[in-house]
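Here's the structure, in structure tokens; my notes come after.
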Amino acid sequence: MVQLIIPCYNEATRFNIHTFFDNFQFLENVHIIFVNDGSTDTTQELLLTIQLECETKNDTATVSILKLPNNVGKAEAVRQGMLLATKKPNTRFVAYFDADLATPLTEIKSLLNAIQSNSQRKMVLGSRIKKAGSTIERSALRHYTGRIFATVVNNLILKTAIYDTQCGAKMFTKQCAQQIFAEPFVSRWLFDIELISRMQVLYPTSHLNKIIYEQPLNTWKEMGDSKIRIKDLIEMPYQLYQIYNKQKDDFKKNKGTV
């Protein structure tokens with residue numbers, strides 16, 4: 001069973017319920033946990049409608065809702081969903097996708113195939129790499145800004161070749177998720193980087209290219225309407241600095257051992 005976390009904050013006018021159900025057929029043996037991150041609009045009503053529709057259809061995929069009383073940000077919303085998902089006894093893999101469905105639900109199969117095809121893999125990252133046969137729709141500005149950001153992060157913090165740290169589609173083994181989501185993140189928006197950083201602390205560098213794998217997505221479409229505020233953008237350099245310091249402290253505590 002795959003547990004799929006979808007964090008939601010004020011998604012009532014943005015979430016495409018028709019696209020969701022059009023792709024629902026691809027979610028066999030998948031349980032979706034919508035995390036309502038303290039929304040102040042009618043997101044909860046929307047999610048309840050989706051849940052009821054799924055129950056009526058009696059599909060192989062099922063839906064539950066985790067309602068948080070206050071807005072805690074994407075990082076903590078995903079973490080709360082993961083903590084709930086990993087407690088379920090029939091869970092083998094856990095994943096999270098962004099609520100805008102920029103990564104369509106059809107990609108859950110490609111991530112699952114990637115993590116199941118090699119028993120050493122613990123973490124699979126969806127990667128927005130343009131290649132023959134793929135459909136990656138992304139503005140030039142976001143693409144080149146992303147490449148600059150990735151270069152800075154890889155050279156200064158991760159010191160490893162990860163092409164796309166920020167794609168909102170990732171899958172983990174249950175055991176891996178229990179380890180790297182156990183503690184709150186120091187960053188509200190850059191927790192994707194923290195996840196990889198935590199893997200570096202837990203596992204020797206020589207093992208990383210075996211346990212972390214980037215799976216090129218077949219389809220990804222930029223949706224716009226980012227929830228990141230100007231204040232968040234201004235704070236990102238400091239958040240990167242916090243991640244860097246946290247990694248150093250964790251290395252001292254754990255000595256980089258499994």
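Between L111 and F97 the shortest side-chain heavy-atom distance falls below 4.5 Å. For the pair I162/L125, a side-chain contact is recorded, criterion being any heavy-atom separation below 4.5 Å from C-beta on. M123 places a side-chain heavy atom less than 4.5 Å from the side chain of M199. Between T103 and D98, every side-chain heavy-atom pair lies at or beyond the 4.5 Å cut-off. Here the side chains of K88 and I33 are in contact, with some heavy-atom distance below 4.5 Å.
No donor-acceptor pair closer than 3.5 Å links the side chain of S134 to the backbone N or O of K130. No donor-acceptor pair closer than 3.5 Å links the side chain of R121 to the backbone N or O of K210. A distance-only check finds no donor-acceptor pair linking the side chain of K67 to the backbone of S39 [under 3.5 Å]. Q44 places no side-chain N or O within donor-acceptor distance of the main-chain N or O of N36, the cut-off being under 3.5 Å. In this structure, D250 contributes its side chain and V201 its backbone to no donor-acceptor pair below 3.5 Å. Between the Q3 side chain and the V94 main chain, no donor and acceptor come within less than 3.5 Å of each other. Of the possible donor and acceptor atoms, none in the side chain of S197 sits under 3.5 Å from a partner among the backbone N and O of I193.
Under a 4.0 Å N-O distance rule, the pair E183/K246 qualifies as a salt bridge.
Within the structure, the ring-ring contact (aromatic ring centres under 6.0 Å, His included) test picks out no pair touching residues 112-142 (sequence neighbours left out). For the ring-ring contact (aromatic ring centres under 6.0 Å, His included) condition, no pair includes a residue of residues 113-132, sequence neighbours left out.
When each of N71, N10, T43, N70 is checked for a side chain to side chain donor-acceptor pair (under 3.5 Å) with D37, only N71 meets the rule.
Clustering ILVMFWY residues whenever any of their side-chain heavy atoms sit less than 4.5 angstrom apart, transitively, puts L52 in a cluster other than the one holding L27. Note: the hydrophobic cluster containing F172 does not contain L83 (ILVMFWY, side chain heavy atoms under 4.5 Å, direct or indirect links).
The aromatic rings of F34 and F20 lie tilted to each other, with the angle between the two planes from 30° to 60°. Ring geometry for F191 versus Y96: interplanar angle of 30 to 60°, hence tilted.
For the residue pair E76 / Q80, a side-chain donor-acceptor distance below 3.5 Å is found, with atom types taken as modelled.
Looking at residues two or more places apart in sequence or on another chain, you find a side-chain contact (heavy atoms from CB on, under 4.5 Å) between A95 and L4, I108, M171.
Sparse packing is recorded around NZ of K221, with 12 or fewer heavy atoms of other residues, nucleotides or ligands lying under 6.0 Å away.
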